[in-house]
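Please read the structure below before turning to the comments.
Please read all numbers here as calculations on a predicted model, not as lab measurements.
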Amino acid sequence: MYKIGFDNDKYKSMQSQRIRERIGEFGGKLYLEFGGKLFDDYHASRVLPGFQPDSKLQMLLQLKDEAEIVIVISSQDIEKSKRRGDLGITYDDDVVRLIGEFTGIGLMVGSVVLTKYSHSAKVEEFEKRLNAMGYPVYHHYMIDGYPSNITKIVSDDGYGKNDYIKTSRKLVVVTAPGPGSGKMATCLSQLYHENKRGIKAGYAKFETFPIWNIPLKHPVNIAYEAATADLNDVNMIDPWHLEAYGKTTVNYNRDVEIFPVLKATFDKIYGECPYKSPTDMGVNMAGNCIIDDDACKEASKQEIIRRYFTSLCANAKLPTNTDEVYKLELLMNQAGISTSDRACTVAARKVEEKTGQPAAAIELNDGTVITGKTSDLLGCSSAMLLNALKHLAGIDDNILLILP
């Protein structure tokens, strides 16, 4: 049975207010690295029932008069024609799509940054495309020794070589078509340039998962590990936050590992780092908007199982991600669940055992489970969908929808 576990309106209000507060903490200008998906965040809506897929976008709309968006894309990804796994389009086409989506709802897109820049015909063609649309394009370059050689990075031979991005608003949201595009480096490069110009500016990170103020092994956080099993992300207690404040918070391995570099970068730019931990950098308020913890736990457990089956299907087609399957099995074990905890799985297996043929099942919002069997006329998925339609329309099961 579908239950609301998350207060979406409270989230939009609290989140926009927290970002405004962070802008004020830095004297009136903030570069906000935006992780995850701004559009169509179906993972969040599955594990936090009540969270709308466009919640983050709606939250940004509350700040639209103060915000501008900078979209970052790696030149290497343009050259390789890298594609989004969910939409199947190339990253450069997605940048154009994002511009249209943002501007279509009233958000300002200020510019596009080509990171890891090197000249090529493909990159030049994309830049001309953006210029023709009226958007300025800036170049950021590879830096030898990045991210460890702080002396080189925070110098005129490092960030100083990058183009200075001209921005006009107090909140600069830095987003990208996908991971590894260079969002954080773009933010830090801007801080270097702003500081040289005597402009006060700060950096913060907006990442929905893991949620920092719920337990490490909460199913919502385990579900995040399941969603990033292919990246080998691991949730962990933030050791920097624990040492600084004596409080336990949750972060993930990549942020914890990069924090010493970030701290040293801030120290070199400003003389001291404004943050004592990776958790301090975040502005995520999602954990404060959970109104039914049990509903979110159950939804997250179902998501972990769903991710497991998705990985099994992918592995059956192309057996290259066995380690991912094993990791998801471990995560199910951590959450204390098995595939039998998914009602439609149990129902489909019963039909399969009875018929000796592939079977399918779907659980509706009211908890009703509808099954479908394989026959000479229909595959099991088609049969299941027809049976579900008959149930929802109140049509007797004996009535045929397709004539023999």
Practice task
May I have all residue pairs that pass salt bridge (Lys or Arg N to Asp or Glu O under 4.0 Å) and include part of residues 160-172, sequence neighbours excluded?
Solution key: none
According to the interplanar angle, ranging from 0 to 90°, do the rings of [X] and [Y] count as parallel (below 30°), tilted (30 to 60°) or perpendicular (above 60°)?
{"X": "Tyr117", "Y": "Tyr141", "result": "perpendicular"}
{"X": "His43", "Y": "Phe209", "result": "perpendicular"}
{"X": "Phe51", "Y": "Phe6", "result": "tilted"}

With a 3.5 Å cut-off and no angle check, do the side chains of [X] and [Y] form a donor-acceptor pair?
{"X": "Ser155", "Y": "Asp157", "result": "no"}
{"X": "Tyr159", "Y": "Asn195", "result": "no"}
{"X": "Lys327", "Y": "Ser311", "result": "no"}
{"X": "Gln62", "Y": "Ser16", "result": "yes"}
{"X": "Asn221", "Y": "Tyr252", "result": "no"}
{"X": "Asp293", "Y": "His218", "result": "yes"}
{"X": "Thr167", "Y": "Lys29", "result": "yes"}
{"X": "Asp233", "Y": "Tyr224", "result": "yes"}

Tell me whether the count of non-hydrogen atoms from other residues, nucleotides or ligands lying under 6.0 Å of [atom1] in [X] goes above 12.
{"X": "Lys152", "atom1": "NZ", "value": "yes"}
{"X": "Lys200", "atom1": "NZ", "value": "no"}
{"X": "Lys350", "atom1": "NZ", "value": "no"}

Restricting to non-hydrogen atoms, name the atom on [X] and the atom on [Y] that form the minimum distance, rounded to 0.1 Å.
{"X": "Glu363", "Y": "Ala343", "answer": "OE1-CB, 3.8 Å"}
{"X": "Ile370", "Y": "Thr368", "answer": "CD1-CG2, 3.8 Å"}
{"X": "Cys296", "Y": "Gly5", "answer": "SG-O, 3.4 Å"}

Problem - Check: Gly178 main-chain N/O paired with Lys82 side-chain donor or acceptor under 3.5 Å - result: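 Not confirmed, Lys82 side chain does not pair with Gly178 backbone.
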Handout entry: Side-chain (Gln52) to main-chain (Ser45) donor-acceptor, under 3.5 angstrom
Key =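 Checking the backbone N and O of Ser45 against the side chain of Gln52, no donor-acceptor pair under 3.5 Å is found.
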Practice task
Output, in order, the C-alpha distance, side-chain angles, deciding distance and verdict of side-chain hydrogen bond (donor to acceptor under 3.5 Å, both in side chains) for Ser81 and Lys122.
Solution key: CA-CA 9 Å; Ser81 297; Lys122 261 189 176 180; 2.5 Å; yes
Is [Y] close to [X] at the side-chain level, that is, under 4.5 Å between some pair of heavy atoms?
{"X": "Tyr135", "Y": "Ile99", "value": "yes"}
{"X": "Lys205", "Y": "Leu32", "value": "no"}
{"X": "Ile237", "Y": "Asn251", "value": "no"}
{"X": "Pro147", "Y": "Ile258", "value": "yes"}
{"X": "Tyr11", "Y": "Lys56", "value": "yes"}
{"X": "Met142", "Y": "Gln76", "value": "yes"}
{"X": "Met108", "Y": "Ile69", "value": "no"}
{"X": "Ser120", "Y": "Glu125", "value": "no"}

Practice task
Kindly indicate, with the supporting measurements, whether the criterion side-chain hydrogen bond (donor to acceptor under 3.5 Å, both in side chains) is fulfilled by Gln357 and Lys373.
Solution key: CA-CA 7 Å; Gln357 295 288 331; Lys373 65 182 180 181; over 6 Å; no
[X] with [Y]: basic N within carboxylate O range, under 4.0 Å:
{"X": "Glu25", "Y": "Arg18", "answer": "yes"}
{"X": "Lys301", "Y": "Asp341", "answer": "no"}
{"X": "Lys3", "Y": "Glu298", "answer": "no"}
{"X": "Glu353", "Y": "Arg349", "answer": "no"}
{"X": "Asp93", "Y": "Arg129", "answer": "yes"}

Practice task
If a pair satisfies ring pair (Phe, Tyr, Trp, His ring centres under 6.0 Å) and one of its residues is in residues 299-345, list it, with sequence neighbours excluded.
Solution key: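 Passing the test, one end in residues 299-345: no pairs.
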Handout entry: Member of Gln15, Gln17, Glu21 meeting the side-chain contact (heavy atoms from CB on, under 4.5 Å) criterion with Ile19
Key =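 With Ile19 as partner, Gln15, Gln17, Glu21 yield a single side-chain contact (heavy atoms from CB on, under 4.5 Å), made by Gln15.
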Exercise for the section: Give, for atom NZ of Lys390 and atom CG of Asp396, the distance between the pair rounded to the nearest 0.5 Å. Expected result: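 Answer rounded to 0.5 Å: 7.5 Å.
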Exercise for the section: Kindly indicate whether a cation-pi arrangement holds for Arg197 with Tyr164, taking the cut-offs as under 6.0 Å to the six-membered ring centre and within 45° of the axis. Expected result: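 Positive - Arg197 is close enough to the ring of Tyr164 and near enough to its axis.
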Practice task
Among Arg342, Arg46, Lys297, find the one that has a salt bridge (Lys or Arg N to Asp or Glu O under 4.0 Å) with Glu303.
Solution key: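 With Glu303 as partner, Arg342, Arg46, Lys297 yield a single salt bridge (Lys or Arg N to Asp or Glu O under 4.0 Å), made by Arg46.
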Problem - Tyr31 ring center within less than 6.0 Å of Tyr203 ring center - result: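 No - the distance between ring centres of Tyr203 and Tyr31 does not fall below the 6.0 Å cut-off.
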N/O donor to acceptor pairs below 3.5 angstrom from side-chain atoms of residues 260-267, sequence neighbours left out:
from, atom 1, to, atom 2, distance (Å)
Lys263, NZ, Asp267, OD2, 3.3
Thr265, OG1, Val261, O, 2.8
Asp267, OD1, Cys273, N, 2.8

